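Contents: one structure, followed by commentary.
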Amino acid sequence: MEFGFTTEQTDLRDTVRTFLARHATSARVRAADGFDATLWRRLAGELGVTALAIDEKHGGFGASEVEVGIVLEEAGRVLLPAPYLSTVVAAAAVDPALGADLLPGLADGSVIAALALAEPGAGWTPDRWSCTARRGGDGYVLDGVKEHVLDGAVADMVVVAAVCGGEPGLYAVRAEDVRRTPHDTLDPTRRQARLEFDGAAASLVGRDVRRAVDLLWAALAVESVGVARASLELTVDYLKTRQQFGVPLAHFQALRHRVADLAVAVEAATSSAWYALRVAGTEEFAIAAPLAKLVATRAAYAVTAESIQLHGALGFTWEHDAHLHFKRATANRLLLGDEVALRRVIAARAGL
Amino acid sequence: MEFGFTTEQTDLRDTVRTFLARHATSARVRAADGFDATLWRRLAGELGVTALAIDEKHGGFGASEVEVGIVLEEAGRVLLPAPYLSTVVAAAAVDPALGADLLPGLADGSVIAALALAEPGAGWTPDRWSCTARRGGDGYVLDGVKEHVLDGAVADMVVVAAVCGGEPGLYAVRAEDVRRTPHDTLDPTRRQARLEFDGAAASLVGRDVRRAVDLLWAALAVESVGVARASLELTVDYLKTRQQFGVPLAHFQALRHRVADLAVAVEAATSSAWYALRVAGTEEFAIAAPLAKLVATRAAYAVTAESIQLHGALGFTWEHDAHLHFKRATANRLLLGDEVALRRVIAARAGL
Amino acid sequence: MPAVDDIPDLSDAEFRKRVRDWLTAHLTGEFAALVGSGGPGREHENIELRMRWERELGAAGWIGLGWPRAAGGRGATITQQVIFFEEYARIGGPGRLSHMGEYLLAPTLIAFGTEEQRRRFLPPIAAATEFWCQGYSEPNAGSDLASVQTRAVRDGDVWRVTGQKVWTSLAHVADWCFVLARTDADAPKRRGLSYLLVPMDQPGIEVRPITQITGTSEFNEVFFDGAVTAAENIVGEPGDGWRVATGTLAFERGVATLGQQLGFARELDEVFAVARTSGAYDDPVWRDAAVDAWVGLQTLRHQALRTLGTPEGDLPGVEASVSKLLWAPWHQRLGELAMSAVGPTATLADGGLSDAQRLFLYTRADTIYGGSNEIQRNIIADRLLGRVPRS
Amino acid sequence: MPAVDDIPDLSDAEFRKRVRDWLTAHLTGEFAALVGSGGPGREHENIELRMRWERELGAAGWIGLGWPRAAGGRGATITQQVIFFEEYARIGGPGRLSHMGEYLLAPTLIAFGTEEQRRRFLPPIAAATEFWCQGYSEPNAGSDLASVQTRAVRDGDVWRVTGQKVWTSLAHVADWCFVLARTDADAPKRRGLSYLLVPMDQPGIEVRPITQITGTSEFNEVFFDGAVTAAENIVGEPGDGWRVATGTLAFERGVATLGQQLGFARELDEVFAVARTSGAYDDPVWRDAAVDAWVGLQTLRHQALRTLGTPEGDLPGVEASVSKLLWAPWHQRLGELAMSAVGPTATLADGGLSDAQRLFLYTRADTIYGGSNEIQRNIIADRLLGRVPRS
């Protein structure tokens, strides 16, 4: 298995990082209320990152999960207030044999998509979902309620997991056919919505619901690695400059050792998240994806919580970015299965 | 509630500590193979500590659990290779209204006693025990098997939990009526035995089996506090003297902070263990005892494990005492309910 | 007559009934709206009404319950003080505004102040006609009090104070601030400090609320720019500030700790209640963690009782640090447990923060303010391993 | 012909079959007794027979599999080396005696040695006719290699070495020791060290086994009292020892790490098996912890694969420290998990230590030897936060 990055991939990372450092500044992220439409248009239009993993014949660049992962990690670093994760995961969940017509719009960024999985009270657990599809109109008709849909209020199109005659499937629904209730969220940099489907017109775009969940897990994992890395760097910079007892905090061994432990956690999280992306096309993904989600969100939580502590009073203020990282890490950890739930999934899939 | 110690109690602690520092040296503890008969005779005879909590009319001093706790904590400090804990807990489990005749021998130390609770495969859980008593001979006849009986191979008398006609009770059995299999143990400073009762003559000496378990938990708790304190002191002394990078290890802030955390754990364990002893005569004991066992054995484990780490290579040698503390802490933690099991007991009793 | 003038003569049961009856009778009418408000993360709520409530408490003699009678207090026993906290918590009494004066400044004046200072300052605290805030932490001193940079210079009959304080809770409410300031720049760091009592309502003081990660503002920055206070408003001698201030920190523990734990118990009950609704309670792994939190809370109580009962202790002088290192991380974990009890909907905040979210976010500060975990570990390590140069 | 001369031409599947067939055919007869022996905590077992087994491996060409062909190795790919470890673990091959030479010294000589040294020392390692031990740690240097006090002085054609080493595993078996010794007392600490190759069988060396907390002796103290070695037995120049030795430490990671993880996986399987018998497996709280251990093991693997695949890494130069801080505490927790899987009978030791107890006790050393957790954290912190004076 290949773990290195090609020159092209490294260039992609540099390009995205430079772009986001300039355009997704803290001030702009804070002002966006979870969605900066201009930023989104430039990301899709100028950088073309929405097209990366989509096949060339559907208007994409025919790259892979690795390229998407590079962008997701960078998006995590800046807490990107744009529906990149939702759109690329929804696109990846679409089976080109069923939903090819959707892909060009997703590739050029003219269509924002969201993936609707969790349901109220049933969380992320597929076997407790009750959203149903039935044949009707030109294709299918959808009934049910989805919750915690990331960027659900700004999406043009939603890919919805539903059951039709006992068979799980993924159905595309246009936003205008959905009743959407935007939520205020603990993490102010990414909003969620509740979606209600009441006989909404839908088309079947995929059959592999489990893979859709796995894709979302892996995406949240690699994004969380970005959050953790940015938070750790912020903390390291602070420790190097802030003085106490007449020397920089970076001189205090107790803090040095804690930072070392955080760095170890981030390294491990990076390894597991990228492992998941590298095996996204194999059977291993079924275990690697929930495992990466567990390991990476745990690390991001640990780092961002310690970051507040190590920043002292400053870290507790609204004005400093530490709490934004912490809230994203918290959300990524709690959404779509917490650590205990993910361990149950892993145990079942690995036969432990 | 009173938490301080009287002058008499402080004197008792000083006397016991001075005696044990002289007579229960590391060399002697190591040579004893769990039982130093001379030490036991002097403890009982010269210091009279076996008589402390037994009523004056039965040959004791009529003191309380507090005085016994003081001795137990000191015993823990030196990993006393004598059946003090077993004997005093067995004595405390005896209801004077039923087993008064046993008490003078327990008070003067001429009788070593052990408390037999756990059963093979059923552990410490009373409702899974199958040892039975039935009327026969002059009193009762006992059948069954007990396991993990502390000091069971050197006891003259055993107090056994058994069920008679659906009623749990505590029965005294003479050692010569029991088939005893001494165990080698992970902790070389305290041995255990397996006891088999095959129609053994027994007398009913108590009815409160739950209290007997609680007493053993509280005793293990306060003993574990002693183990933890001794281990922490050993570690502190080592850090003050051992040099690395040209200065004492005690100068390294990362180690200082870890020692501080250990000290906090020991303080909390001390508080919970002594709280249990102070409420031994009240209903609160039913929760305070398992809670103390949990908190104190967890602290002792943490301290003794860190002690090995902080001693470096030296702490990993047989020759250094760090491993003896660690093994006692490990045994006290695993015996009669681990942390998870104790939390279940606490939850049930507290109605959580 | 105040409700509690005769309390030394009451049995604990009688005293408890007295407290309960009074609270039941008085936390009514306009005050009924205060039930459950003003706790951690909610200190900004209902300030005006809570000030009136404090005066209601003061008029009945409930403030200064544990002060000696000679100092104008009621001489209540420790057990009685705990009973007051228990009953206050049971009925859901609002977060207190008097506690800086009652539990921090007053014991300091009783220990280190002059008779005149006690006469001047204690009665308005007990009557809730004057409120206090604490001026210790600074942006460039962090948890290191010895590095305080706020300066005070003697100028005729007054001290002139210049500098900046942070973490100053209730500064916008307070009439007075007890300030640690450097009065001798040439003395060794700890020797050059003085403990000054400074009136807040003057042109030389500006209070700026700090917006916190909860989005609310319990804490403030306070800017002193030549703020004045009368020469006699110094506690102890010039240069005694370190000794007086660390004395005050020690008062933070004790009875107030037990009172605090009653609030913790209520929060933990609420977490269990939420978990029963969400289903988390039925998950053995969640429940194991929750029971461990309950165990931890009992241990906090055992620790507080032992500290109160054996003032000599095993680690004299550092019990406050031990206590802080026990409760602050415990409370922080409770916040995390609360979030996991709620489950994924804990990521939503429609209509503002939920109790669980407020607890979760607010408890991040517990391990920072009032001497961070790191400072507390330094203090304990100094005691166990001897003082060494920092870092 | 050695079994593996043509391996660069083999597909992975063919290579795997070659390994498996060879092991199946050879780990028989007297060697059958070795299955499962000699692992952690059992390094003292069956030494003579294991030496013969090493020669059996060597004769077939399995030692030095990953060395370049130019150095007399087989030039196997990383994947092939991992396959060898996998098959070796699968069949329960005994703990290796050659690994100090094969994985630590040989790469050092390949990187820093002379052509003569490679010709002299590599073939006997590959043939298992000479065994090596590592002379780094000292009682007064602990994990701090720069504080090494063992001295070596040049005396005509020889170096004379005096000092004491600890943690020297297999010293009683070894023919040679690679020793870090101070050859210039006046140079800065790291600059005054040299890397010497010293024969063990001489009057100037005494090996004393250290009895460990397991009651067995895998590790030794080694006393050098004017021990001699030829002048040319120095790797690099005098004063290069630090650079050469830390180069060697880096070799501890990599392929050997993946091999080690196969042993971990076997141990974890065994813990699950024990738990199924004891009933611990049916306890959701225990199982949650056990699954987390499984998750941790996968992460170790992901980390090793990523480190191998991206040698530049994110933290160049400190990957070995990251790896150690991941696996050592993980392994220690596995030991604790094993004990809780067994339950209270884990306190009994009739007939000697059980596998769970051996794992539990032995893993206490994992976080100490080969650079303690504390040293590894120092190394990582130096990289992230810059070097500062210690303490």
Side-chain angles (χ1 to χ4, degrees), chain A residues 118 120-121 123-124 147-148 150 181-188 190-192 194 242-256 258 301 305 308-320 322-324 326-327 330-341 343-344, chain C residues 137-144 146-147 166-167 189 210-217 219 221 278-280 283-286 288-289 332 336 339-340 342-354 356-357 360-362 364-369 372-375 377-378 381 389-391:
Chain A
W124 65 273
E147 188 52 280
H148 301 301
L150 299 179
T181 313
H183 287 297
D184 271 345
T185 45
L186 181 73
D187 168 14
R190 177 154 58 203
R191 298 300 183 186
Q192 305 174 26
R194 176 189 181 98
R242 180 79 157 82
Q243 305 262 326
Q244 197 160 33
F245 301 110
V247 294
L249 286 174
H251 284 212
F252 291 86
Q253 198 196 29
L255 307 187
R256 294 172 72 79
R258 279 156 61 184
Y301 182 79
I308 291 176
Q309 180 72 21
L310 292 170
H311 276 86
L314 183 62
F316 192 64
T317 63
W318 185 267
E319 160 196 17
H320 194 273
H323 75 101
L324 296 176
F326 179 64
K327 288 169 180 171
T330 298
N332 282 2
R333 191 181 188 209
L334 288 171
L335 287 170
L336 281 115
D338 65 9
E339 289 168 30
V340 176
R343 280 194 287 272
R344 292 210 176 96
Chain C
S137 297
E138 297 190 1
N140 290 309
S143 304
D144 169 24
S147 291
V166 291
W167 287 115
K189 285 171 92 180
I210 299 173
T211 307
Q212 299 149 6
I213 68 177
T214 46
T216 59
S217 299
F219 296 116
E221 292 175 295
S278 74
D283 178 340
V285 179
W286 187 89
D288 187 62
Q332 207 163 69
E336 294 169 341
M339 293 290 275
S340 70
V342 174
T345 54
T347 64
L348 306 181
D350 299 308
L353 297 178
S354 68
Q357 289 167 334
F360 173 66
L361 293 176
Y362 201 83
R364 306 323 297 183
D366 286 341
T367 53
I368 300 172
Y369 75 82
S372 67
N373 280 4
E374 292 72 29
I375 290 292
R377 291 192 188 103
N378 282 345
R390 294 290 173 222
S391 95

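Chain A is the first sequence line, chain B the second, and so forth, proteins listed ahead of strands; every chain is numbered from 1. Keep in mind that what you see is a predicted model, and the values were worked out from it rather than measured.
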Need one label for [X]: side chain, backbone, both or neither, based on atoms under 4.5 Å from any heavy atom in chain C.
X: A305(A); value: both
X: H148(A); value: side chain
X: P120(A); value: neither
X: L249(A); value: neither
X: R258(A); value: side chain

Checklist line | Nearest atoms (heavy-atom pairs only) where S340(C) meets A280(C) | finding: O-CB, 4.1 Å
Item checked: Between F326(A) and F316(A), ring centroids under 6.0 Å -> no
Note to self: Between E147(A), K327(A), H320(A), who has the most heavy-atom pairs with chain C when the cutoff is under 4.5 Å?
What the structure shows: K327(A)
Next item on the list: With a 4.5 Å cut-off on heavy-atom pairs, point out which of Q192(A), R191(A), Q309(A) contacts chain C the most.
Entry: Q309(A)
Next item on the list: List in chain and number order the residues that pass side chain to side chain contact (heavy atoms under 4.5 Å, CB included) with A254(A), two or more places apart in sequence or in another chain; answer none if no residue qualifies.
Entry: Q253(B), H257(B)
Item checked: Contacts of type side chain to side chain contact (heavy atoms under 4.5 Å, CB included), residue D366(C), not counting sequence neighbours -> W327(C), A328(C), H331(C), T363(C), Y369(C)
Next item on the list: Decide, yes or no, whether a salt bridge links R343(A) with D338(A) under the criterion of side-chain N to carboxylate O below 4.0 Å.
Entry: no
Next item on the list: Look at R364(C) together with E336(C) and state whether they make a salt bridge at an N to O cut-off of under 4.0 Å.
Entry: yes
Which atoms of [X] come close to chain A, meaning under 4.5 Å heavy atom to heavy atom: side chain ones, backbone ones, both, or neither?
X: T345(C); result: both
X: L353(C); result: side chain
X: L348(C); result: both

Check: Side chain of T211(C), backbone of T317(A): donor and acceptor closer than 3.5 Å?
Finding: no
